[in-house]
Amino acid sequence: MSTDDKNRAVAAAILPLVGGAGNITSVAHCMTRLRLGLRDRSLVRDEELKALPAVMGVVEDDTYQIVLGPGTVARVTPEFEALVTEAQAAPAAKPSADDLAAQGAAIRAARKARNQTPFKLFLRRIANVFVPLIPALIGCGIIAGLNGLLINLGRLPAVTPALAAIASGFMALIAVFVGFNTAKEFGGTPILGGAVAAIVVFPGVAKVDAFGQTLSPGQGGVLGALGAAVLAVYVEKWCRRWVPESLDVLVTPTLTVLVSGLVTIFGLMFVAGEVSNAIGEFADWLLVHAGAGAGFVLGGLFLPLVMLGLHQALIPIHTTLIEQQGYTVLLPVLAMAGAGQVGAAMAVYLKLPRNGSIRRTVRSALPAGFLGVGEPLIYGVSLPLGRPFVTACVGGAFGGGFVGLFSMLGTTVGSTAIGPSGWALFPLLDGDHGLGRTIAVYAGGLLTGYLAGFVATYFWGFGARLLEEFDVDTDAGPETVVAASPGTTPPPGPSGPSNPVPEPAPQPTKA
């Protein structure tokens with residue numbers, strides 16, 4: 001079977017299990033998940049869906065999310081969309097009671113969406129601006145790392161300038177892409193958002209004085225572009241309301257670019273520049289002066305932040321640091337949370353020798369865990385069990401503390417892109433003391449996270465009741481990841497949650 005046929009087969013297997021094409025209202029994907037808008041949640045056959053070999057797990061948020069893994073999801077999604085489009089284009093059946101029930105479910109879902117926390121919805125929108133940029137950040141980051149390696153080795157001197165141009169071109173214009181995506185996300189015309197954001201990187205701003213200083217191209221970076229595009233959206237919407245339709249095509253884009261552009265040049269670029277500089281200085285200061293403690297806290301709290309959706313606030317910070325310094329020093333620290341998960345899962349495997357289903361889950365999820373895809377381990381192993389989720393966080397804390405300690409000792413470890421973690425982050429590593437030392441410190445952090453997560457889980461991750469309940473013979477068939485969320489169970493405590501597999505609840509997305 002060809003790759004295209006295989007991806008279409010996966011899509012065809014998923015479609016009937018989520019209620020068919022008539023139950024689909026939207027289709028999208030991120031780095032690892034197929035995200036579906038559903039009319040009627042009750043039509044989804046969860047257990048059959050989780051049993052599919054290609055499905056690592058499911059997560060419920062404002063959309064129904066099927067975890068397929070990086071790479072796979074980008075290939076399956078177009079096939080899935082094509083199947084939905086083909087089915088929905090077929091002659092419609094007569095309305096039925098099921099259709100009315102589906103409409104009622106959609107109304108209930110819309111009401112639920114309105115009741116979500118405004119702050120979390122805002123963070124999700126900001127994340128939606130930056131997530132589409134991640135593939136380009138990864139590709140350009142790896143090329144930049146390859147170019148640096150060739151320069152250090154003194155190889156292919158005629159090629160390295162070309163590689164530098166390829167790696168740097170996107171970053172030189174990232175503000176334009178941020179502006180485009182921002183306007184699209186906030187309901188404006190994307191190209192107008194990009195046009196206003198382009199002012200930030202235009203060389204001619206060097207001739208402009210604002211707040212007693214001469215502006216520099218790129219001042220304010222992605223934060224300035226974000227603010228400029230949001231302003232452009234509001235100006236455009238105001239124009240759409242008040243400008244006559246006969247003049248709209250001329251007046252609206254002109255006023256949008258002019259007003260937003262002037263505010264950007266004489267206000268936003270300066271303010272955003274100060275904020276960006278403060279972010280960079282604080283990140284450097286934090287890891288230099290409080291590296292071990294800061295790394296311990298950041299590595300230990302990152303998984304709970306993901307559970308609450310607050311990790312999305314870090315995405316523009318990562319991007320700002322990459323734009324300023326060439327890498328983000330925070331991501332390698334936060335990536336240690338995944339190492340803690342891997343160590344905890346290994347301990348679970350050994351502590352439950354008679355539970356074949358959980359052990360199969362661990363075996364199937366560990367390869368993805370090593371590559372930084374932690375969802376199968378979180379939702380299939382540690383979170384449903386309760387206490388192992390806490391001990392996994394302990395492993396992440398020690399791994400983060402290890403990386404932070406070396407920052408205090410003068411070895412900075414950074415990532416040239418956001419998205420990957422675990423072993424997948426190795427090609428994107430950069431630092432201030434050469435690639436060899438940078439890789440060694442990061443690898444040491446991973447090993448520390450694995451070991452600490454394993455030890456904490458093996459000795460303190462299981463109480464007598466939990467062992468009695470789960471260390472039993474089971475014949476549940478091939479195990480897959482079960483979606484879970486802390487939103488429907490008590491916080492993991494000494495005994496873990498009373499229900500080993502909580503009912504799904506809204507779960508924040510991963511950056």
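Bear in mind that the values here come from a model prediction, so they are computed numbers and not experimental data. No hydrogens, no waters, no symmetry mates; every other heavy atom, side chains included, goes into these values.
- Rounded to the nearest 0.5 angstrom, Phe180 CZ and Thr189 OG1 are separated by 10.0 Å.
- Residues Val233 and Lys237 have side chains in contact (heavy-atom distance under 4.5 Å, counting atoms from C-beta outward).
- For the pair Arg363/Tyr349, a side-chain contact is recorded, criterion being any heavy-atom separation below 4.5 Å from C-beta on.
- Distance CD1/Ile322 to OH/Tyr327: 11.5 Å, rounded to 0.5 Å.
- More than 12 heavy atoms of other residues, nucleotides or ligands sit less than 6.0 Å from atom CZ of Phe211.
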Checklist entry - Given Gln341 and Ser382, is the side chain to side chain donor-acceptor pair (under 3.5 Å) satisfied, shown in steps? => result CA-CA 8 Å; Gln341 282 289 333; Ser382 65; 3.0 Å; yes

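- Rounding to the nearest 0.5 Å gives a distance of 11.0 Å between CD1 of Ile138 and CG of Leu133.
- Scanning all heavy atoms of the two residues, the minimum distance from Thr160 to Asn147 falls at O-OD1, 2.9 Å.
- Taking both residues in full, the closest heavy atoms of Met269 and Leu215 are given as SD-CD1, 4.1 Å, listed atom of the first, atom of the second, then distance.
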Checklist entry - When you look at Leu34 and Val27, which way does the side-chain contact (heavy atoms from CB on, under 4.5 Å) test go after all the steps? => result CA-CA 7 Å; Leu34 172 63; Val27 180; 3.9 Å; yes

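- Contact between Pro253 and Leu192 at its shortest, heavy atoms only, is CB-CD2, 4.0 Å.
- With 3.5 Å as the limit, one finds no donor-acceptor pair spanning the side chains of Asp430 and Thr416.
- The ring pair (Phe, Tyr, Trp, His ring centres under 6.0 Å) test with Tyr450 is passed by exactly one of Phe402, Phe370, Phe398: Phe370.
- Here the closest heavy-atom approach between residue Val257 and residue Val196 is recorded as CA-CG2, 4.0 Å.
- Minimum interatomic distance between Ser421 and Ala335 (heavy atoms only, all atoms of both residues): CB-CB, 3.6 Å.
- Side-chain contact between Phe389 and Leu385 is absent, with no heavy atoms from C-beta onward closer than 4.5 Å.
- Interatomic distance, His29 NE2 to Arg75 CZ, rounded to the nearest 0.5 Å: 10.5 Å.
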Checklist entry - Hey, mind stepping through Thr438 and His433 against side-chain contact (heavy atoms from CB on, under 4.5 Å) and telling me if it holds? => result CA-CA 7 Å; Thr438 301; His433 278 80; 5.6 Å; no

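- Minimum interatomic distance between Ile134 and Gly419 (heavy atoms only, all atoms of both residues): CG2-CA, 4.1 Å.
- Atom CZ of Phe302 is separated from atom CG of Leu314 by 6.5 Å, given to the nearest 0.5 angstrom.
- Contact check for Leu287 versus Thr412: no side-chain heavy atoms found under the 4.5 Å cut-off.
- The number of heavy atoms from other shown groups lying within 6.0 Å of OH (Tyr458) does not exceed 12.
- Considering only heavy atoms from C-beta on, Trp460 comes within 4.5 Å of Val455 through its side chain.
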Item to check | Residues Thr411, Leu409; criterion side-chain contact (heavy atoms from CB on, under 4.5 Å); working and verdict | outcome: CA-CA 6 Å; Thr411 300; Leu409 299 176; 5.7 Å; no

